[in-house]
Structure formats: C-alpha cells, structure tokens
Engineer: 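Structure incoming, see below.
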Amino acid sequence: MEYNFKQIEKKWQQYWEENKTFKTPEDLSNPRKCYVLDMFPYPSGAGLHVGHPEGYTATDIYARYKRMKGFNVLHPMGWDAFGLPAEQYAIETGTHPAVTTRKNCDTFRRQIKGLGLSYDWDKEINTTDPKYYKWTQWIFIRLYNTWFDEVLQKGRHISELTIPEDILSSGKEAVRKYTDSKRLAYYADALVWWCPDCRIVCSNEEVLNDGSHEKCGNIVEKKNLKQWMLRIPLYAERLLKGIDNLDWPEGIKEMQRNWIGRSTGAEVDFKIEGMEETLTVFTTRPDTLFGATYMVIAPEHVLVPAITMPGYKESVNEYIRVANLKSELDRTDLAKEKTGVFTGRYAINPVNGKRIPIWIADYVLTGYGTGAIMAVPAHDTRDFEFARKFGLPIVCIQEPDVEDRARRDRIINGDECWTEDGSYINSSDLSTGIDINGLNKEAGIARIIGWLESKGLGKAKVNYKVRDWLFSRQRYWGEPFPVIHWEDGEISILDEKDLPLELPEMEKFQPGETGESPLSNAVDWLEVTDQNGRRGRRETNTMPQWAGSCWYYLRFIDPDNDEQIFDSEKEKYWMPVDLYIGGAEHAVLHLLYSRFWHKVLYDLEIVSTDEPYTRLFNQGMILAFAYENEAGAKIPADQIEERDGRFYNGENGTEVRQIVAKMSKSLKNVVNPEDVTMRYGADSLRLYEMFMGPLDVMKPWDDRNVKGVFNFLVRTFRFFSNDANISGGPEDVEILKGLHKTIRKVEEDIGTLKFNTAISEMMIFLNLVYKKGKVTRETARSFILILSPFAPHLGEELWQLLGHESTLAYESWPGVNEEYLKADIVEYPVSFNGKMRFKIEVPANLDRDEIARKVLADERAGKWLADKSVKNVIVVPDKIVNVVTR
RNA sequence: GCCCGGAUGGUGGAAUCGGUAGACACGCAGGACUUAAAAUCCUGUGACCUGUAAAGGUUGUGCGGGUUCAAGUCCCGCUCCGGGUACCA
C-alpha cells in the first residue's frame, strides 16, 4: 500500500475534530494530571513559520505520551492578539484591528490544525476578546488595591494598610497620597522613552543598547508623560528566592537573577557644608569610605539646585541641558569619555571629617540607588577615570596583593586602580574613633556598617536593579484601563460589575503628535459625568501587550466562566503548569512579569501556588542556510547554484560561502511549514523538526534532511500496512530485545525532551524489522503505539489497519519487559594501554578474574603481550577490559 | 568589560557515572532492478599509511598543558563563535 499522507492526515484531523478526541477530562478525581502549555503566539499576518511547530510538536508529543500513561491532560492553545502590527495596518488602510486580528487568528488556527496537534480547541482563548480582557482589567483592579507588607513579605488588600498617625491627622488628601504611594499600581509623571516614529511609549526593555526601538529600529527620545506604573521591585526578593526551586534551564534562571540584580551594601549619609539636608548614597563598599575623595550626583538629582553654589549655576545648568539632550545612543557612545561639572559645594566625609567636593556627572544614574555616590577613585575604575580626567585626589586605602613591586607602588601612589581585596591602610581616624586598618574586605564592611549604624550615619541596605514597570502605552489596540480621571484630580476605578470596559468603535487610529492615544478622539466614550455632575475622562492609555500574556495560563483552566476569573476547584486541580515550552526571547520579561502577577494573586488567595510554571524549556531558534561572497555581502538563496558541494552565485558564476543565518525575506531563505506539509505531510514536518537536533539549541533547516524522516515514515507504513509482514506465533528474540530497548529509550527520551535520539532509536528498530522481514501482531501494536505521539496521523491509520475501531490516543503505553533486555553473552572491547584492539565475547555471569583470565588467554592477546609483562588488568563489568602492560 | 552557553566527519548530529568516538540521518561512491531515468533495495563511507586482497597500523572530538589504567567527557591556561547585559556605585 502506498503512503498517501494527504488522505491519511485529512481523515484523522477530521476524526479528532468530530469526536472531540482531545477534550480535556472534566473528572477531577484522577490524581494524575498534567498541564502542558505552549507560549501562545501573536497571530501575525505572515502566518506560521517553522519556528512555531518546533515547540508545539514537542509539547504535543509530551501531552500525547502523558495521556497514554493515564494522566488527565490539559493542553490548550490561544492567541496573544493585541499588538502593534494590527494597529499599524489599521492606520495605513483603515481596516479595524479587530478585523485583521480575526483573520490572522483564523489563518493560524487553520495552519495549526493542519499539524495534527492535540489541543482541546474548546479551550481556545483570545486576549482581545472582551470576555477575556474583562478579567485582565479585573486583575489590574486587584493590583491597584494591593499594597506590599514588607515585614510579612506579602501583598495585602489596601484596606489592611495602617495609616501612620501624623498622616491621618493631616487630612484626607494626605491619606490618599500615602495610600497611593503604597499601591502596586500607581499613576505618575514618568520620564519615558518615546518612539517618534511609532508614536508610542516604550518600556526600558523595549529600547535596545544603541538607543533604538526594538520594534522599528528608530532612535527613541525621552518624554515626560502621565503613565501607569507597577511596583515590581517590591516583589524582587520573592521573585529572586523563588527561582531556586524551579526546574528551569540554569541559563534562564541566571538571566532572571541578573535582571533582578540584587546587591548588598549600605546607605551612608553625608553632611553637606552649609545645608540642613544630608546627601545619602548607596554603596556596596562602605569599607572604602576612607578613600572617598569626592561625591557625584546624577544630573536629575532633586538636590542639584540647592547644592549648586551661586558662581557655578551657569556651568551646571549648561551641563544638565546637554545631558538631557543626549539620547541613550550618545551616552553609550561616550561611555569611555566621562563628563561632569563641579557644583562648588563640599560634603563632609563621616569617617574622618574631611571636606570633599560634590560633582554632577551623568555616569551616575538617577534610577539606581539614591542617584548619588561617594567616589573612591583608588578602588573603583569608573571613579578612577573620572578623577584622572578632572584632577581629583586619589587616596589608596588597600594594600594590593601583587608580586610586582613597581605595580604595587603605582597603586599605592594612586596611579593605578585596585579593585580586588587587600588589607586596609590609611583607614583610621582618632577623632571619630573608627579603625579598620589591617582587616580584609569582609571584616572591614561589617565593622564600618556596625559603626555607621551605631552613630546613626547609615545602615545596611539591599538594592535591586529591577525598576518599576511602565505599564501603559499610547495605543488603541490594547486593554483599556478601568479608570476615570475626574476634573478635581481624583482617580477612580470602575466597579467590577461594570467590567469589561470595552474599546470604543473607531474609524481613525492615528495617534496624536503629542503622545496621546487615539482613544482621546473617542469623545462619546471618553467623557463621563457622575451623579453629582462632576466631569471626568476615561484613561486614554491602554495596557501593554504583556498584560494579556501575564495570566493566560490561568484562563485556559476555565475559559468560558462568566462569573469568575476561573473556578478555584479547577485551578487547584490543574495548577501549576507542569511543562511550559517557548522561545528564549521571553526568558526575562514575560516570565518575570508573569511570575510577579502570579505571586500577587497568590498573596490575595486567588491562586493556590506560589509559582506558575514548574518546568520550563526553551526551544532553540531554527536558522537557515544563507550565502555570502568574498566581501561578506549576502546573496539571496534563490540565486545560488550548487555544484559538487560548492556554491556559486548564479548571476555571475563566482563562488560563494554557505553560512547559517536567521531566516529572512531579504535572504530568500524563509521556510514555510505549509510547503513542507504539502510535499511530505505534517507527520514528516513534525518528525523532522524533532529530529534536527536537541530541542534547546539553534539549528539550521536543511530541506534535504526532511527526506530522511519522510523515508522512515514511508518504510514504516509500507511494512506495517502489509498483512503478509505480520505473523503469528512466538516473536523473534532479537526483535523482542530491540523492541523493548526501543520502548525504554523512547519513554526516557520523551521525559527528558530528547526527541532526536528517541526517533533515531525507532529508526534503528525499523531497520532491524526490515532485516527480519516479519513481526508479530503484538510487536506491531507496541511499535505503532510508541511512534504515535511523534507521527499521530500515521499511528492512527496503522492502528486502524491492525483492526482497531477507535483512536489510539488513550491506549496505554507499552510496558518494558526487563527479561528481554538481559544478555547471556557480553561483548567486551579489549584495550591494551587504553587502545582498543579486539572484542571478546564472554558469558554474562563470569566474574572479573575469570574475564581477565579469558582475555589474556585469547590468542589475539599474544600479539600485544609479546616481550611485555602484564602490570594490571582492569575489568569494568558490562563496559570494557583494559590490559596495562610495561 | 561582566555573566551564561557552545566548538565532534563533506553536513545535521550521537556517545548514561570518565570506559569501543562518529549511533541515526543527509550527502557522496559502488552495485541490483530498468531500454534509460526516477523511485526502491543492497554495500561502502573520519583522515592518513602499508597491502592485489584479506587484514593491519598511525592519527583523530577548537588550541596548549595536566590528572588517570583509560579523557569528547574531569582540572588549569587560551582561541574563536553564539546569547544576555552594560557606567547598577
């Protein structure tokens, strides 16, 4: 029989759809559950690319395997459908984003269904559906009404916030201000990145190192706008600690740790000469206070105007003006060359009472620590550079641990910077009574902090790099905030019964020049009046795309629930997500934001687990071959001619080099999954994507290799669909052994997501089957079952040909019989001094001495033993024999 | 700069706890079938050397050292490539 994949795949996709084969079980009494989740896609107009089926196939194999092992499986799919492209398209063509989105979702759904993935389509969700974003708004309200209790390290309802007496007595406005300062979501003026091209605010994360917008590549600028912010740093410690217990790739865990950026040190207060206020700095090296010879504050520091002395106003203002003009690009470019300006003012070093100058420089950032530093040029490279440039004093306070005499002298004299540990010198003062001379770094830090705290001059402090999360965009196509700004300045939040607040119908989507969202033109929607005639405006910002994806895994549990965000019995049953697969590009942001929301929901007792995703796996990007000439210029793939394994530019015949690059339209090397399914079928596409290499690494697509797995499927079909190959009677011993080895290997590899080696093992078995020519019905049954998660259409078809009436999706996974795997005879490779020379078969039950005797007695051993004496014979059971000679 | 990965035949890749390097697949070569080609099936295939052959030897996992009976795997020092991050005090 011919392998007619088109007919077979269509038939079974229809069967699964009609019979709702993959409907999630309603019965929650089965203690074995498995929630297998893909990162849901943004349905772009371009349709599916080959990267999508990679992760989807992996989770599908896993989900199908778990069903066969008797688990209740939740395996859903949906659409992260808010986002810029649909809105951009609306601006250009007037097509409503909802229309574009619906069309794109339909395409994606159709394409995904063509891959034979075992999703429960009854659980499909779409972030742009008001029935979905109602609950995104609902969560926002909860964030707004939550404060973080730092003592309990826990989010609590705002009604449980204790207002200090002095604030209570200062009136309603003070209480409101205090309360707002504690909410996890707050509205504030924020200096934000603005992309003039997209006319959109970007989060710090969306701005690349060179100062360009990651989406469009244009240079962004700073702009002051009213924005919603989320206080994610309050959860920094919880988010950091939680990482340790997750079954995630170490690299991703490390990236999250770095992003959170915890550092320990101290805050130290410096008196400012002639002023009441003190200048507080954060430092990780309070032990180097004796080396602090000047201070630097950021250009945006609040004390700049007060600190600047009259004669210095002009130069300071000029410096600040220039610093503000600098885009991030300039700041990075000029990173090597430090700039700064003296304020004319001095501070007092608390450890020795010395006057030290206060400077302003943009190498000190407003957003980190207190926006001010004490500069220790002898032991900090940045301060060293700055001090050198502006001729500030450099005092070495640590004896460097270096052999090189000349280098040591340079360091001691302040001509070179020393950032390693060492024992302190010049670090005592009689007037203040502090002395750390002779100590090392650890002890020095402890003693200084103790001294600072006892004198009330400072305290130990932990700082985090992670900043407040900018949570609004000046866009139409996003979730509206359930917020009204009243004319008297009050902000009110919609009542839950009024949710969802739907987006108004509009015809023009052009954003304003000034940073106002298109929503500001929806007058009827925008303007509201309360019972007392007070007028207000709805929030015109919308939520960023992260919002919908932050919690979608929770809605999958109970997507049609109109009463609640989800049924909590169901939530308790299905959570946490057991396996979550997606691209590494979401390593930090999506996963961190999502964990943050989840922890808040956990604190509010809305979800039952502290972490959402138990096990995470990132698939590697699929690359493609590309071609470049001598000069490194890229040549489109469709112009390339191949001859004898070399590549030539078809236009002019010059030889070009084959390289591996990202798929791109300009290189003409984009692979469309539908082309592959047309030519070889969905099962081949699935199998190839899994066979290419390990799931987590980048790997290049090579069309030729698809033939390899296609061939395997053809051979499988041809053999098992032919009744003449299926025999009765007892099974061949080698086949039995091979089969059980294969079952075991495939099972192990599915568990560790090493699908490439699982497939290779099945290929080995099929080769054996071809060699033998016949298998029993029972063997055919087992092999078809273990192959079916990988090639489900083929699996179902063969299963039916074997005489079964219904789907194999819930058949139990074949067991491994260890009996068949035992060997009577073991083949040992025999090496002499580590070099393998020959192989010897010995009965499995021999002990080491007997094996050694047998090896030495073998005639082939003689050649290697001539005029040498045997020093030792190492026998590693079931592994190897090594004869050591002299 | 710092942090994290990686480097194995012509190609994608395999190798559990240190134990036969190159499984499986592609490609290539030879053969069978065919008028021929495609498809299919069979055989061979890291490099180098000896040999008509059978067979045997040397060498070999980015580079240089080391530990070990034994190193792709462990340790030390590099090179190159990829990802993240970037004046974070």
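To find a chain, count down the sequence lines: A is the first, B the second, and so on, and within it residues start at 1.
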Engineer: Expressed in angstrom and rounded to an integer, what is the separation of A:Arg262 atom CZ from B:U85 atom C1'?
Structural biologist: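 So the CZ-C1' distance, A:Arg262 to B:U85, works out to 20 Å.
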
Engineer: In terms of side-chain heavy atoms of A:Arg837, which of B:A89, B:U20, B:G57 is nearest?
Structural biologist: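 Selected nucleotide (nearest to the side chain): B:G57.
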
Engineer: Strictly below 4.0 Å: does A:Asn711 bring a side-chain N or O up to OP1 or OP2 of B:A39?
Structural biologist: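 For B:A39, OP1/OP2 do not have a side-chain N/O of A:Asn711 under 4.0 Å.
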
Engineer: What nucleotide among B:A14, B:G19, B:A25 has an atom nearest to a side-chain atom of A:Asn756?
Structural biologist: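 Of B:A14, B:G19, B:A25, B:A14 is nearest to the side chain of A:Asn756.
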
Engineer: Can you tell me if A:Lys835 touches the phosphate of B:G19, counting only side-chain N or O atoms and a distance under 4.0 Å to OP1 or OP2?
Structural biologist: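 Answer is no, no contact under 4.0 Å.
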
Engineer: In whole angstrom, what separates A:Tyr363's OH from B:C87's C1'?
Structural biologist: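 Checked: the OH to C1' distance equals 9 Å.
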
Engineer: Can you tell me how far P of B:C24 sits from CE of A:Met763, to the nearest Å?
Structural biologist: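 Taking atom P of B:C24 as the reference, CE of A:Met763 is at 11 Å.
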
Engineer: For A:Asn705 and A:Gly693, find the nucleotide of RNA chain B closest to each by heavy atoms; which residue's nucleotide sits nearer the 5' end?
Structural biologist: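 Its nearest nucleotide being more 5', the pick is A:Gly693.
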
Engineer: Indicate, with a heavy-atom threshold strictly under 4.0 Å, whether A:Gly251 touches base, sugar-phosphate, or nothing.
Structural biologist: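 Touches sugar-phosphate only.
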
Engineer: Closest to the A:Lys707 side chain: B:G82, B:C69, B:G27?
Structural biologist: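 Minimum distance to the A:Lys707 side chain belongs to B:G27.
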
Engineer: Separation of A:Lys699 atom NZ from B:G13 atom P, in whole Å?
Structural biologist: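 The answer, rounded to whole Å, is 8 Å.
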
Engineer: By nearest nucleotide on RNA chain B, pick out whichever of A:Glu748 and A:Val881 is the more 5' one.
Structural biologist: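 Going by which nucleotide is closer to the 5' end, it is A:Glu748.
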
Engineer: Can you tell me the distance, in whole Å, between the CG atom of A:Leu713 and the P atom of B:A25?
Structural biologist: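 Whole-Å distance recorded here is 13 Å.
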
Engineer: Among A:Phe270, A:Phe384, A:Phe386, which residue meets the ring pair (Phe, Tyr, Trp, His ring centres under 6.0 Å) test with A:Tyr294?
Structural biologist: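 So the option named by the test is A:Phe386.
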
Engineer: Assess the residue pair A:Arg257 and A:Asp244 against the criterion (salt bridge (Lys or Arg N to Asp or Glu O under 4.0 Å)); give the C-alpha distance rounded to whole Å, side-chain angles, the decisive distance to 0.1 Å, and a yes or no.
Structural biologist: CA-CA 10 Å; A:Arg257 289 192 189 103; A:Asp244 296 341; 3.1 Å; yes

Engineer: Write down the distance between CG (A:Asp702) and P (B:G13), rounded to a whole number of angstrom.
Structural biologist: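 The distance from CG of A:Asp702 to P of B:G13 comes to 11 Å, rounded to the nearest Å.
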
Engineer: Taking the six-membered ring of A:Tyr770, is the NZ or CZ of A:Arg715 close enough (under 6.0 Å from the centre) and on axis enough (within 45°)?
Structural biologist: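 Satisfied, under 6.0 Å and within 45°.
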
Engineer: Between A:Lys771 (NZ) and B:U43 (C1'), how many Å, whole number?
Structural biologist: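 My rounded result for the distance is 13 Å.
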
Engineer: How about A:Tyr680 and A:Phe5: are their ring centres within less than 6.0 Å of each other?
Structural biologist: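 Aromatic pair excluded; centres sit 6.0 Å or further apart.
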
Engineer: Is A:Lys338 side chain donor-acceptor paired with the B:C87 base, going by distance under 3.5 Å alone?
Structural biologist: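 Pair found.
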
Engineer: Using a heavy-atom cut-off of under 4.0 Å over every strand shown, decide if A:Asn872 touches base, sugar-phosphate, or nothing.
Structural biologist: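 Result for A:Asn872 = nothing.
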
Engineer: Assess the residue pair A:Glu237 and A:Arg262 against the criterion (salt bridge (Lys or Arg N to Asp or Glu O under 4.0 Å)); give the C-alpha distance rounded to whole Å, side-chain angles, the decisive distance to 0.1 Å, and a yes or no.
Structural biologist: CA-CA 8 Å; A:Glu237 195 60 36; A:Arg262 184 184 202 268; 3.0 Å; yes

Engineer: So, does A:Arg257 get its side chain near the phosphate of B:C4, meaning an N or O under 4.0 Å from OP1 or OP2?
Structural biologist: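 False: A:Arg257 side-chain N/O out of range (4.0 Å or more) of B:C4 OP1/OP2.
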
